[in-house]
Structure formats: structure tokens, C-alpha cells
S.K.: 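Below is the structure I would like to discuss, written out as C-alpha cells.
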Amino acid sequence: MQAEQITERVAHHGEGAFWDERASLLRFVDMLAGDVVTLLPTGAVTRRHLGDVAAVIRHRSGGGYLVAGEREILLLDDHWELEHSIRVLDGPEARLNEGGCDAAGRFYIGSMAYDMAADAGALYRLDPDGGLHTALPAVTIPNGLVWSADGARAFHNDTGTATITAYRADPDGRLLDPRVLVRFDSGGGAPDGMAIDAEGGLWVALWGGGAVHRYSPQGALEEVVDVPGAGNVTSCAFGGDDRRTLFITTSRQDVDPAADPAAGALFAVSAPVAGAALDGYGG
């Protein structure tokens, strides 16, 4: 399979692809610019600046959006106005990076050190009542967090360790019994963002790999989507009315534009299976 470039180079560090079902629009973040970017039906994009960093976006079950900033979580209304924020990190050495929501409406968000030091980050859990907890204490570059349809398993990428780890997810939101599902060879790219389809397949963006891979829930490689002209593939999300379009973000961070002329563009490909519905934050 090969993805099609559908925009110009619209982001420096595109991340966090998110299909906004309420608006029937694809949104993603230009992370280090602090912008939420929206793809319009015309193919043009609009930008909304929210801060120094915009790490991930999800909808709120009662309306509005949740956006992770550099060190805090922003809870916004339907008009993108700030209702309140929740501080997650203190100090300048780390930032928030990527996250997702489980079916119970809990939002998980990872942190990473700016110097990408091993095990210097953590994965936090924000409950619908506003309680903040540490879900995983030692991660490097946390990315791509999704859950199986029954909520019993969670899958989490760490770009720094080049692994996909499967967990048993208990009813209280804890991630238990870690098991490395896929370990990536050096030189072939490392797992970044991830989406899950209706059959439980894991679609994984490969930073430095110029592709998206689909893995079975057991870790077997089943599909490869080439992303031409963009080596740093950062995230993917299913969208469209039937959730069969896989949207793919890319980055031009630390990239030679002559070698990667499409880096920073948005791509799309028609998927052979529909994506799973995306859960939102319950608070």
C-alpha cells in the first residue's frame, strides 16, 4: 500500500492525528509550534495557536476539547475557550508528548525529557473527576496508546526503546503485566503514533521508517503503508464517514528537505478495514 500526499508541507512537527466526529473534520497538532491544525473539506488547512506546545487533542464527552500543552492539560469548551487547566509537570526539563482515552473516559498522557534521557518520562492518568495519577513511572518517549475493543488490553509505544508493549488494563485504569509485543530493529524506524482498527489491528507510524505498519494483536506484521518523501512518520488516525481513511502526519524536524521533500505534509490511504471508534475524556 502507498499513502497519497493530500496537503502541502503544512506542519513543522505534525503529530496527534485526530478525527473529530462531531465536526467531521481531521485535526492534528503542529506540536512544537503549539498549534491545532484542521483539514478543511477543500483540502486547505486552518491553524489555532494554543501555547508553546500542543501535544495531543481529544474530544470531551460533554462537549469541547482536551489539549495537552507543554506541562499542563487544557480543558476547552466548544468555542475553544479555556475553562481550566490541570498542571502535570513542573520545571523546564520535560514536556508532555502523546496520549489517549480509554472507554471509561480516563485520559492518559505521557511525558518525556527534552534531552530524551532514558526512563526520564512517565505516563499519567487523568480521571473524569480530575484526579491525576501516575500510570507508568519510567518511560523514555511515550507515544501511541490504544485499547482493545473489550478494554482488557492496552498497547503503548515507546519511541526511545523502539518497542510496542501490551498491558492488561484493569477496571480501575491500571496498566499491569507488561509484555513487549514488537521490538523494532535499529535502522528501520521506531514506533511513534498508533491507531487501532475494528479488528484489533495496530497501525503504527514509524519515525525514521517512512511508513505505517499494521500489526495483529499478537504482534505479527500484516500490512505496510509506504509514505513517500517523508521519513519521519509521526501519527495516524482513521476518519471519514466510514472510518476507512487512514490519515497520516509527518515531521520535518531535523530533516534535509532535499532528501524528504514531503516532510511536514499530511497523507491519506484507503484502509482495508474500518477504524475503531475513538473514546473521549469524560471530564
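Every heavy atom of this structure was used, including side-chain atoms; hydrogens, water molecules and symmetry mates were not. Quantities reported herein were computed from a predicted structural model and do not represent experimental measurements. Positions are given from 1, in the same order as the sequence printed here.
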S.K.: Determine yes or no for a side-chain-to-main-chain donor-acceptor pair under 3.5 angstrom, with Gln253 supplying the side chain and Val255 the backbone.
M.R.: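 Such a contact is absent between Gln253 side chain and Val255 backbone.
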S.K.: How many angstroms lie between atom SG of Cys236 and atom CZ of Phe267, to the nearest 0.5 angstrom?
M.R.: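 Going from the SG atom of Cys236 to the CZ atom of Phe267 covers 13.5 Å.
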S.K.: Tell me whether Leu278 is reachable from Phe238 by hopping between hydrophobic residues (I, L, V, M, F, W, Y) whose side-chain heavy atoms are closer than 4.5 Å.
M.R.: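 Not linked; separate clusters.
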S.K.: With rounding to the nearest 0.5 angstrom, report the CG to CG distance, Asp197 to Leu246.
M.R.: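 That separation rounds to 9.5 Å.
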S.K.: Are Phe184 and Leu206 packed together at the side-chain level, in the sense that at least one heavy-atom pair is separated by less than 4.5 angstrom?
M.R.: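 A side-chain contact exists here, since the closest heavy-atom pair is under 4.5 Å.
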S.K.: Crowded around Asp172 CG? As in, over 12 foreign heavy atoms under 6.0 Å?
M.R.: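 Above 12, so yes.
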S.K.: With no hydrogens and no angle check, is any side-chain donor or acceptor of Arg47 less than 3.5 Å from a backbone partner on Val10?
M.R.: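 Pair found, side chain donor or acceptor close to backbone of Val10.
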S.K.: Decide yes or no for Thr38 and Leu26: does some side-chain heavy atom of the first lie under 4.5 Å from some side-chain heavy atom of the second?
M.R.: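 Result no, sub-4.5 Å side-chain heavy-atom pair not found.
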S.K.: Checking Ser61 side chain against Gly280 main chain: does a donor-acceptor pair fall under 3.5 Å?
M.R.: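 The answer is no, because no donor-acceptor pair under 3.5 Å joins these two groups.
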S.K.: Between Phe155 and Pro217, which heavy-atom pair has the shortest distance, and what is it?
M.R.: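 Looks like CE2-O, 4.0 Å.
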S.K.: Could you walk me through whether Leu181 and Tyr215 pass the side-chain contact (heavy atoms from CB on, under 4.5 Å) check?
M.R.: CA-CA 10 Å; Leu181 190 73; Tyr215 293 91; 5.7 Å; no
S.K.: When hydrophobic residues are tied together by side-chain contacts of less than 4.5 Å, even through go-betweens, does Leu32 share a cluster with Val56?
M.R.: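 Different clusters.
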S.K.: Please confirm whether Trp80 and Tyr65 have ring centers closer than 6.0 angstrom.
M.R.: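 Yes; Tyr65 has its ring centre under 6.0 Å from that of Trp80.
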S.K.: Heavy atoms, side chains only, cut-off 4.5 Å: are Thr140 and Asp119 in contact?
M.R.: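 Thr140 reaches Asp119 side chain to side chain.
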S.K.: Below 4.5 Å, heavy atoms only, C-beta onward: do Thr159 and Met116 meet side chain to side chain?
M.R.: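 Not in contact.
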S.K.: What's the spacing between Leu74 CG and Leu82 CG if we round to 0.5 Å?
M.R.: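 Reported value, rounded in 0.5 Å steps: 6.0 Å.
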S.K.: Do Asn143 and Trp207 make a side-chain contact, defined as non-hydrogen atoms from C-beta onward lying under 4.5 Å apart?
M.R.: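 Side chain of Asn143 against side chain of Trp207, heavy atoms only: no contact under 4.5 Å found.
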S.K.: For residues Leu202 and Val182, determine if any side-chain heavy atom of one lies less than 4.5 Å from a side-chain heavy atom of the other.
M.R.: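 No, their side chains stay 4.5 Å or more apart.
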S.K.: Glu98 and Val29: side-chain contact (heavy atoms from CB on, under 4.5 Å), yes or no, with the steps?
M.R.: CA-CA 11 Å; Glu98 244 280 25; Val29 297; over 6 Å; no
S.K.: Should we count CG of Asp177 as having more than 12 external heavy atoms under 6.0 Å?
M.R.: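 Enclosed: over 12 neighbouring heavy atoms sit under 6.0 Å from CG of Asp177.
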S.K.: Step by step, work out the side-chain contact (heavy atoms from CB on, under 4.5 Å) result for His49 and Asp35.
M.R.: CA-CA 4 Å; His49 184 70; Asp35 294 347; 2.7 Å; yes
S.K.: List the atom of Gly14, the atom of Thr249, and the distance in Å for their closest heavy-atom pair.
M.R.: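 Closest approach of Gly14 to Thr249: O-OG1, 3.7 Å.
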S.K.: I'd like to know if the side chain of Arg183 pairs up with that of Thr163 as donor and acceptor (distance under 3.5 Å, no hydrogens or angles considered).
M.R.: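 No, no side-chain donor-acceptor pair sits under 3.5 Å.
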S.K.: State whether the number of non-hydrogen atoms from other residues, nucleotides or ligands found under 6.0 Å of Gln2 atom CD is greater than 12.
M.R.: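 Counting neighbours around CD of Gln2, more than 12 heavy atoms of other residues, nucleotides or ligands fall under 6.0 Å, so yes.
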S.K.: Is the backbone of Ala11 close enough, under 3.5 Å, to the side chain of Arg252 for a donor and an acceptor to pair up by distance?
M.R.: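 Yes; at least one donor-acceptor contact below 3.5 Å.
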S.K.: Quick check: does any side chain N or O of Asp158 sit under 3.5 Å from a backbone N or O of Ile141, one acting as donor and the other as acceptor?
M.R.: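 Side chain of Asp158 to backbone of Ile141: a pair is present.
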S.K.: Work out which heavy atom in Ala262 is nearest to a heavy atom in Pro228; give both atom names and the distance.
M.R.: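 Closest approach of Ala262 to Pro228: CB-O, 3.9 Å.
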S.K.: Tell me, do Leu266 and Val37 make a side-chain contact under 4.5 Å, heavy atoms counted?
M.R.: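 A side-chain contact under 4.5 Å is absent here.
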S.K.: Between Glu222 and Arg214, is the closest basic N to carboxylate O distance under 4.0 Å?
M.R.: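 Yes, this pair counts.
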S.K.: Quick one: closest heavy-atom pair of Ser251 and His13, and the distance?
M.R.: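 Reported closest heavy-atom pair: OG-ND1, 2.7 Å.
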S.K.: Measure the shortest side-chain to side-chain distance between Ile109 and Pro142 over non-hydrogen atoms and say whether it is less than 4.5 angstrom.
M.R.: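 Heavy-atom side-chain distance check fails, nothing below 4.5 Å.
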S.K.: Are Ile196 and Trp203 linked, directly or through other ILVMFWY residues, by side chains that come within less than 4.5 angstrom of each other?
M.R.: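 They do not share one cluster, since no chain of ILVMFWY contacts under 4.5 Å joins Ile196 to Trp203.
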S.K.: Are Val36 and Leu39 connected in a single hydrophobic cluster, I mean Ile/Leu/Val/Met/Phe/Trp/Tyr linked by side-chain heavy atoms less than 4.5 Å apart?
M.R.: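 No, because Leu39 and Val36 fall into different hydrophobic clusters, even though each may have its own neighbours under 4.5 Å.
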S.K.: Between atom CG of Leu89 and atom CE of Met112, what is the distance when rounded to the nearest 0.5 Å?
M.R.: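 Leu89 atom CG to Met112 atom CE measures 11.5 Å (nearest 0.5 Å).
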S.K.: Please report the shortest heavy-atom distance between Phe107 and Arg58, naming the atom on each side.
M.R.: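 Residues Phe107 and Arg58, closest heavy atoms: CE1-CG, 4.5 Å.
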S.K.: Between Arg125 and Asp127, is there a salt bridge with N-O shorter than 4.0 Å?
M.R.: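 A salt bridge is present here (some side-chain N lies under 4.0 Å from a carboxylate O).
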S.K.: Apply side-chain contact (heavy atoms from CB on, under 4.5 Å) to residues Arg174 and His133 and explain how you reach the verdict.
M.R.: CA-CA 10 Å; Arg174 294 178 298 174; His133 312 272; over 6 Å; no
S.K.: Within this structure, what is the CZ-OG1 distance for the pair Phe28 and Thr234, rounded to the nearest 0.5 Å?
M.R.: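 Going from CZ on Phe28 over to OG1 on Thr234, the span is 9.0 Å.
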S.K.: How long is the span from the NE2 atom in His12 to the CE atom in Met31, to the nearest 0.5 Å?
M.R.: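 Answer for the NE2-CE pair, His12 versus Met31, is 11.5 Å.
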S.K.: My understanding is that only one of Trp147, Tyr124, Tyr281 makes a ring pair (Phe, Tyr, Trp, His ring centres under 6.0 Å) with Tyr108; could you say which?
M.R.: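 Answer to the ring pair (Phe, Tyr, Trp, His ring centres under 6.0 Å) test with Tyr108 among Trp147, Tyr124, Tyr281: Trp147.
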S.K.: Would you kindly confirm whether Val146 and Val204 end up in one hydrophobic cluster when ILVMFWY residues are joined by side chain heavy atoms under 4.5 Å apart?
M.R.: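 Shared cluster, yes.
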S.K.: Quick check: does any side chain N or O of Arg71 sit under 3.5 Å from a backbone N or O of Gly91, one acting as donor and the other as acceptor?
M.R.: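 Checked: pair present.
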S.K.: Angle class for the Trp19/Phe247 ring planes (parallel below 30°, perpendicular above 60°, tilted otherwise)?
M.R.: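 The arrangement is parallel - the two ring planes meet at less than 30°.
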S.K.: Please find the pair of heavy atoms, one from Gly208 and one from Asn232, that lie closest to each other, and give the distance.
M.R.: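 Residues Gly208 and Asn232, closest heavy atoms: N-OD1, 3.2 Å.
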